[in-house]
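Single-structure report; data block below.
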Amino acid sequence: MDNIAGSKSSLTWAVHISVALLVLLWIFPTVGLLVSSFRTADQISASGWWNSMFPAEQNLVIRAKAPEAQLREGDLWVIEGNLFEQEGIEDASISSWGTSSKDISAYAAGEEGSFRSGESVTLDALGNYRITSPEEMSGKRGKRLFMTAQTPPDFTTENYGTVLFSGSGQDNMASAFFNTFTVTIPATIIPVLVAAFAAYALAWMDFPGRALLIAAVVALLVVPLQLALIPLLKLHLDIGIGKGYLGVWLAHTGFGMPLAIYLLRNYMVGLPRDIIENARVDGATEFQIFTKIILPLSFPALASFAIFQFLWTWNDLLVAKVFLIDSTGQTTVMTNQIVELLGTRGGNWEILATAGFISMAVPLIVFFSMQRYLVRGLLAGSVK
Amino acid sequence: MHPALQGLLTIIVGVGGCVGYFYFSNLVLDKVLFPARGPNAGRNINRANMIRPWLFLFPAVFVLGLYLAYPVVETLRLSLTERVGGDEYVFVGLDNYNQMLSEPKFWEALRNNMLWLIVVPAASTAAGLLVAQLTDRIAWGTAAKSLIFMPMAISLVGAGVIWKLVYEARPIDQEQIGVLNALYIYFGGTDPQQWLTIPFWNNFFLMAIMIWVQTGFAMVILSAALRGIPEETIEAAIIDGAGPFQIFFKIKMPQIIPTIVVVWTTITLTVLKVFDIVFAMTNGQWETQVMANYMYDKLFRANDWGVGSAAAIAIMLLVTPILVWNVYNARKEMR
């Protein structure tokens, strides 16, 4: 643990193992959903996702070819074929089988059995069968064979196709995906811009009331946005913005503003005074100082806040529900659509899991590619 | 119009308008109102510099005022009025509060919020501290932290879906697909449980989701704090013969107490406003109501703006101590 002096602590192994267990515990639920999104509805309800990585034992019922496929071999009538090829199942293997639903494991693979109607039949582990009869067989449909088979792990990307392209109505996330982007991108860029100017003024310009404004920003940092819902919805409806993108951008801008100003101001105050004063002496206007010096130097802080705001607006449900989504539901966002799916299609895990993962994909990409900035922002943003 | 195109267009208009404001307002100030030339050049520059901070601040102060400060006052006013048809409001004093206090759902929400408030910050901070300490000196610590931090990126709704699969229950004669019930049956349980419908305990199943999300946050901050502890103090303790546990509890912990307080308060704030998880998972049924969801119910289901506002004020009252504490600390730091 603390082997500074070079002595290996006896606890080292315990540490490694407990960290591994904790990590497993933490990612286990997420992996479950990810795996489920690659399975069909039948597979999901047939077995727990943790079994999907291993070959599964399944009971199958497959019909042999119809009697019209029979051939004459000497004095026997024969139907031959492969059950798995007929059904498009790959790499399965049969352990036991039967000819009646009452006794599905009457024979082992490769043994010879018989149907109630008298024909004899053999079936091997790979699904090859041969039905023989001394008389011509009749009937329209093929004989049913019952078997217990090991099927290999089987994953499909079909769910993603359904949710992104071919699904109808609630199952289709494509437009919600675009809507979420439409909400998120301006709701990230506008507050960054607005807050950067304000933070610069609060950090480097002298004017009466500055300290008071900073205190106000700190106070507003914790005001719950629940408070803002009714008055602002009323206001939006009164002045004609109604429910829509403009309203939700303004709301996100307002709700993100205290943290943005707080983060950026704290960062900008730490920039070297010399640079700014030299620029002033050289005759640069405040606007030039801001755009040419402050903005480039503050990039890390701007990036931190932008990531925060992006994640927060992307993942938001409440603000979108109140300010954006009207009764037509044209402008629904992904979080809202998932909540609706949870309500109406709670059992359709293949749709839910896939929809969930599509909504998580973008934040996860942002998260893993820009974790550095996110951590830096967190450290600066937690109010001391 | 294709939604992608429409989205792009709205993005350009929104962002363009914002950039335009800053650029043109400064241009107007410098070139039209107070140009730095002619006989009054010096005076003009001074005047322009007096106005400019407000030009820079105006949009920010405007949205702060409109979207955060004004609603506090307006909500307070609404909580004292009742809507009578259309746009008419009448002053009703504390009636809304009385009505809220007489509803059992409110007390249930308050009780649950208190439970959340005790359990979630404590558990997240403890788990975060544990992970931060354990990963501090192992080679793959960064990767481990990254994975534990990951739930922070996922929406609470997404987290809800993830955990709903964990809590899923199937009839006893079917294969269990929720891992919790699978374990329950494996260890001898007889009936698969609908975990989210067991009153009282279901709160803890919902809290588990929040703890799962917030531990990463606590870990990141506490890990940085642990790194910041001066090495000498630990070396001195080792030389004096302290064991790993003594070092942790007697040397490290006392030095990071301020950070623990920060983490605790931040998670407390998040928990006070918890909405998405409850809304998506149970919607307050089976005695899992919380304040934010109670308020949403009143507001958009019952359409009772008076009581909804009263509930919002109740949430505000709960965060006020933290607000005062923060402002006090910030002012102390600036001095």
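Residue numbers start from 1 in every chain, and the chains themselves are labelled A, B, ... in the order their sequence lines are given, proteins ahead of strands.
Only the side chain of A/V217 comes within less than 4.5 Å of a heavy atom of chain B; its backbone N, CA, C and O stay farther away. At a 4.5 Å heavy-atom cutoff, the contact between A/L311 and chain B is made by side-chain atoms alone. For A/L229, the part sitting under 4.5 Å from any heavy atom of chain B is the side chain, from C-beta outward, and nothing else. Only the side chain of A/L233 comes within contact range of chain B, with heavy atoms under 4.5 Å apart. With a 4.5 angstrom heavy-atom cutoff, A/A355 does not touch chain B via any of its atoms. Looking at A/I261, only its side chain comes within 4.5 Å of chain B, counting heavy atoms on both sides. Proximity to chain B is limited to the side chain of A/F368, based on heavy atoms less than 4.5 angstrom apart. The contact between B/V166 and chain A is made entirely by side chain atoms (from C-beta outward), counting heavy-atom distances below 4.5 Å. Neither the backbone nor the side chain of A/T291 has a heavy atom closer than 4.5 Å to any heavy atom of chain B. Looking at A/I189, only its side chain comes within 4.5 Å of chain B, counting heavy atoms on both sides. Of the atoms belonging to A/P208, it is backbone heavy atoms, and not side-chain ones, that fall under 4.5 Å from chain B. For B/P258, no part lies under 4.5 angstrom from a heavy atom of chain A. Residue B/L323 touches chain A through both its backbone and its side chain, counting heavy-atom pairs closer than 4.5 Å. Proximity to chain B is absent for every atom of A/A195, based on heavy atoms less than 4.5 angstrom apart. Looking at A/L232, the atoms closer than 4.5 Å to chain B (heavy atoms on both sides) all sit in the side chain, from C-beta outward. With a 4.5 Å cut-off on non-hydrogen atoms, A/I307 does not touch chain B at all. Looking at B/V61, only its side chain comes within 4.5 Å of chain A, counting heavy atoms on both sides. Interface residue A/Q226: backbone and side-chain heavy atoms are both found under 4.5 Å from chain B. With a threshold of 4.5 angstrom between heavy atoms, B/M316 approaches chain A through its backbone and through its side chain.
When all heavy atoms of A/M257 and B/A60 are compared, the closest pair comes out as SD-CB, 4.0 Å. Annotation for B/Y296 and A/V322: closest pair CE1-CG2, 4.3 Å, computed over non-hydrogen atoms. Across all their heavy atoms, B/G308 and A/I230 have their closest contact at C-CD1, 4.0 Å. Annotation for A/G254 and B/L68: closest pair O-CD1, 3.5 Å, computed over non-hydrogen atoms. What you find for B/V327 and A/A215 is that their closest heavy atoms are CG2-O, 4.0 Å.
Taking 4.5 Å as the limit, every side-chain heavy atom of B/S155 sits out of range of all side-chain heavy atoms of A/L317. At a threshold of 4.5 Å between non-hydrogen side-chain atoms, the residues A/S36 and B/L165 count as touching. Considering only heavy atoms from C-beta on, A/V19 stays 4.5 Å or farther from B/V131 through its side chain. Taking the side chain as every heavy atom from C-beta outward, B/L134 and A/S18 approach each other to under 4.5 Å. Two residues are said to be in side-chain contact when any heavy atoms from C-beta on lie closer than 4.5 Å; B/V319 and A/V223 fail this criterion. Put simply, the side chain of A/L202 does not reach to within 4.5 Å of the side chain of B/F56, judged on heavy atoms. Using a 4.5 Å cut-off on side-chain heavy atoms (C-beta onward), A/L235 and B/L66 make contact. Residues B/L130 and A/L22 meet the side-chain proximity criterion, which asks for heavy atoms closer than 4.5 Å.
Among A/S359, A/A251, A/G356, the residue with the largest count of heavy-atom pairs under 4.5 Å with chain B is A/A251. Per-residue counts of heavy-atom pairs under 4.5 Å with chain A were compared for B/Y21, B/W163, B/Y70, B/W54; the largest is that of B/W54. Ranked by heavy-atom pairs shorter than 4.5 Å toward chain A, the options B/V157, B/V63, B/V220 are led by B/V157. With chain B as partner, the option from A/T253, A/L318, A/I185 having the largest number of non-hydrogen pairs under 4.5 angstrom is A/L318. Taking A/A20, A/P224, A/A228, A/P258 one by one and counting their heavy-atom pairs under 4.5 Å with chain B, the maximum is reached by A/P224. Interface remark: of the candidates A/D316, A/V23, A/I27, A/V183, A/V23 forms the most heavy-atom pairs closer than 4.5 Å to chain B. Among B/S309, B/S146, B/A311, B/G178, the residue making the largest number of heavy-atom pairs under 4.5 Å with chain A is B/S146. Counting heavy-atom pairs closer than 4.5 Å to chain B, the top residue among A/L33, A/D206, A/L213 is A/L33. Per-residue counts of heavy-atom pairs under 4.5 Å with chain B were compared for A/F290, A/F181, A/F177, A/F255; the largest is that of A/F255. Options B/M281, B/K273, B/E74 differ in how many heavy-atom pairs under 4.5 Å they form with chain A, and the most are formed by B/K273. Interface remark: of the candidates B/I154, B/I313, B/T135, B/L147, B/I154 forms the most heavy-atom pairs closer than 4.5 Å to chain A. Ranking B/W212, B/F279, B/F275 against chain A, the residue ahead of the rest is B/W212, based on heavy-atom pairs under 4.5 Å.
Between the CD1 atom of B/I322 and the CG atom of A/L221 there is a distance of 11.5 Å, given to the nearest 0.5 Å. To the nearest 0.5 Å, the span separating CG on A/L220 from CG on B/L64 amounts to 5.5 Å. Distance check, rounded to the nearest 0.5 Å: CD of B/E168 to CH2 of A/W349 gives 5.5 Å. Here the CG-CD1 distance, from A/L352 to B/I162, works out to 12.0 Å after rounding to the nearest 0.5 Å.
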Checking B/F149 against A/F367 for the ring pair (Phe, Tyr, Trp, His ring centres under 6.0 Å) test, could you report, in this order, the C-alpha distance in whole Å, the side-chain angles of both residues, the deciding distance, and whether it holds? CA-CA 9 Å; B/F149 191 32; A/F367 173 82; 5.1 Å; yes

Kindly indicate, with the supporting measurements, whether the criterion side chain to side chain contact (heavy atoms under 4.5 Å, CB included) is fulfilled by A/W26 and B/M150. CA-CA 9 Å; A/W26 242 254; B/M150 183 195 68; over 6 Å; no

Criterion side chain to side chain contact (heavy atoms under 4.5 Å, CB included) on B/L57 and A/Y200, from CA distance to verdict: CA-CA 9 Å; B/L57 278 168; A/Y200 174 62; over 6 Å; no

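The aromatic rings of A/H16 and B/W140 lie parallel to each other, their planes meeting at an angle below 30°, with 60° marking the opposite boundary.
Ring centers of A/F197 and B/F58: at least 6.0 Å apart, outside the cut-off.
Under a cut-off of 6.0 angstrom, the local environment of CZ in A/F28 is crowded, with over 12 non-hydrogen atoms contributed by other residues, nucleotides or ligands.
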